[in-house]
Amino acid sequence: MSAPAPGLLALPHHDGSGLYVSDPAPRPGEEVQLRVVVPHAHRVQRVLLRSVHDGEPGFTAATAVHRSAGATWWQVPVTAHNPVTRYRFLLVGGPGDPVRHAWLTASGVHEREVTDAGDFQLVTHEPAPDWVADAVVYQVFPDRFARSGTERAAPPWAVRRAWDDPVSAHGPDTAREWFGGDLDGVTGHLAHLTELGATCLYLTPVFEGRSVHRYDAVSFERVDASLGGDEALQRLTTAAHRRGLRVVCDLTTNHTGDGHEWFRRAQADPGAPSAAFYRFTEHPGSYVSWLGVPSLPKLFHDSPALREALYAGPGSVVGRWSRPPFSLDGWRIDVANMTGRHREQDLAGDVARELRRTLAAVGAQTGREQWLLAEHGHDASGDLTGDGWHGTMNYTGFTRPVWTWLTPGEGGPDAHGLPYPGAPVPLPSMDGGQAVGTLREVLASMPWRSWCASTNSLSSHDTPRVRTVVGGGTRGGLPPGGPGAAGRDRHVVALALQATLPGVPAVFAGDEIGLTGTTGEHSRTPFPWHRRGEWDGELLAQYHHWLRLRREHVALRRGGLRWAHVQADSVTFVREHPAGSVLVHAARAAHPRVRVPLAPLGGGPVRALTGGTLEVDGGDLVLPADGPAARAWSLPCAAPAWAAPGAVPAPR
């Protein structure tokens with residue numbers, strides 16, 4: 001796919017939002033109205049829908065249902081014939097028109113044949129819970145967030161650290177450095193989350209393990225005593241729900257720790273029921289493990305007993321912690337991309353579907369709809385067909401494109417967080433066209449609603465901190481030089497994209513005050529509550545501002561996405577919704593002036609949501625040319641009044 005170019009608002013457009021799809025979550029067999037806006041500059045004579053039913057494509061003619069001074073809206077019905085119905089539009093010009101034959105897919109407009117991988121997708125499976133669309137996630141690594149003051153015994157594996165000790169970026173102690181944060185400490189700081197604008201707390205594992213990260217669980221039946229035990233999790237979820245915060249926990253379905261009670265029984269007795277949960281090549285000491293790490297034996301989901309124990313049904317681990325008194329609101333599944341996969345065996349989809357069934361059954365009993373989020377470090381589209389994971393941690397379609405655009409140059413942090421032969425590969429620097437091209441191509445391969453139910457992270461417990469990526473220091477913790485440290489302006493640009501692009505913003509605790517870190521381990525910095533004077537207060541104010549804008553403007557939570565202008569140092573897009581649209585302009589540096597035609601954006605009036613002047617010249621908006629900076633303006637929706645979600649206008 002070629003990179004987007006200036007003049008994007010002159011191109012035909014369709015996306016999966018309610019403005020263009022009358023029912024984004026239809027039932028099987030239902031008819032849905034699809035809409036396409038075609039600016040007159042494209043000079044299209046006919047629009048045809050190509051949809052695929054039972055593997056065979058067919059065409060349906062669209063009808064022009066509304067004409068304005070600048071564009072024509074076309075509408076065409078499609079039946080949700082299969083669980084996933086793929087479709088695209090054929091744009092046909094007349095004699096002498098500049099374009100005689102072009103395809104409109106989720107990856108853009110193409111004047112050549114393109115594969116079906118970028119086709120739009122209409123999905124009939126139950127969507128993610130409605131609350132996810134409005135969510136802002138705050139991620140907490142429990143050992144490093146806050147101490148409650150309750151004296152707790154250090155686990156036997158722990159290497160004690162004082163709260164202000166530096167965190168190791170590498171070495172044998174990274175998984176054993178114990179700072180003593182606990183769940184009651186999280187409960188004591190929930191006001192910070194709600195004041196920031198978070199609506200959902202995501203906790204990395206709380207089950208007992210043999211490391212500070214606890215992805216090596218020794219049991220799924222109890223919360224680690226060093227975090228306060230089951231009672232502390234109950235106190236936390238109760239307090240969070242009282243404040244309107246939902247709580248999502250972390251579960252490893254791909255492996256356990258080698259100290260897990262299931263694995264210990266399997267080693268002691270090859271005839272034990274749990275022996276079928278694992279694969280021993282030579283009992284008891286040789287077995288399949290995650291990436292060959294002996295402390296993390298891999299789970300095999302062809303065992304019905306494993307499924308029943310871990311996630312199949314209300315009596316499973318997932319079922320138990322999803323019900324009262326804990327009442328979790330969802331699960332982030334660790335290593336979801338590898339779960340159920342080993343050589344010729346691929347049960348990943350089965351695991352995801354069974355998990356969904358359990359969450360649906362528990363939700364029917366409790367009235368709490370749960371979110372199922374998958375970890376994928378690369379392209380997750382093959383696992384996001386709508387009947388399994390609701391969404392993914394969108395590293396490929398958000399984090400890395402944003403990083404590569406905003407990093408100040410080559411030689412920054414490791415690009416992928418993976419082991420390489422030889423030296424690590426530094427993060428490359430790319431221009432706006434490359435970054436947006438990656439974003440569009442990755443996200444064109446998944447259903448719109450899977451994209452919207454995925455998280456947009458600038459950092460996580462597995463990555464460098466965004467402040468380091470954009471040039472804000474590498475020592476770890478608070479940036480050198482205090483609140484005025486380098487990198488803030490580009491960090492704010494990254495934040496603006498996180499708050500305004502489709503997907504669920506996920507803030508890793510400490511990003512909002514400017515913490516730095518060069519690796520995932522290095523980024524797991526204790527939150528410096530007692531050093532508030534060293535926080536980046538201006539950055540924190542920007543987090544409050546941009547997350548408030550998201551909360552106040554439904555277009556930023558539920559609107560479509562239409563690119564308006566892309567160049568090396570700036571990107572401009574509009575989030576469209578019948579209740580009003582928002583124009584966003586993000587720049588990594590000073591750049592040539594950007595002119596955006598006002599007519600395709602609804603014609604005005606335009607109201608500034610952030611600082612900065614906006615000129616109108618000859619029907620164009622002339623956007624500020626400074627940078628690094630990010631700005632937003634509200635404006636009327638350009639769609640006709642009948643295009644509100646659910647409306648089905650009569651052709652005329």
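- Closest non-hydrogen pair, Ala133 versus Arg550, comes out as O-NH2, 3.5 Å.
- Ionic pairing of Asp387 and Arg357 is not present here: no N-O contact between side-chain nitrogen and carboxylate oxygen is shorter than 4.0 angstrom.
- Aromatic rings of Trp331 and Tyr202 (six-membered ring for Trp) have centroids beyond the 6.0 Å cut-off, not under it.
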| message | Assess the residue pair Trp321 and Cys249 against the criterion (side chain to side chain contact (heavy atoms under 4.5 Å, CB included)); give the C-alpha distance rounded to whole Å, side-chain angles, the decisive distance to 0.1 Å, and a yes or no. | response | CA-CA 9 Å; Trp321 296 98; Cys249 274; over 6 Å; no
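- Side-chain atoms of Asp54 and His81 form a donor-acceptor pair, as typed in the model, at a separation below 3.5 Å.
- For His255 and Tyr215, the distance between ring centers is not under 6.0 angstrom.
- Using a 3.5 Å distance cut-off with no hydrogens or angles, the side chains of Asn337 and Glu375 do not pair a donor with an acceptor.
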| request: Go through the steps to decide whether Asp379 and Thr396 satisfy the test side-chain hydrogen bond (donor to acceptor under 3.5 Å, both in side chains), and finish with yes or no. | output: CA-CA 6 Å; Asp379 181 8; Thr396 303; over 6 Å; no
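- Between Trp633 and His585, the two ring planes are tilted [angle within 30° to 60°].
- Ring orientation note: the planes of Phe573 and Trp563 are nearly perpendicular, at an angle over 60° on the 30°/60° scale.
- Paired with His14 under the rule ring pair (Phe, Tyr, Trp, His ring centres under 6.0 Å), one option of Tyr87, Trp74, Trp103 passes, and it is Tyr87.
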| said: Apply side-chain hydrogen bond (donor to acceptor under 3.5 Å, both in side chains) to residues Thr339 and Thr253 and explain how you reach the verdict. | reply: CA-CA 6 Å; Thr339 290; Thr253 55; 2.8 Å; yes
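- Counting non-hydrogen atoms of neighbouring residues, nucleotides and ligands closer than 6.0 angstrom, the CD atom of Gln365 exceeds 12 such neighbours.
- The ring of Tyr311 has its center closer than 6.0 angstrom to the ring center of His301.
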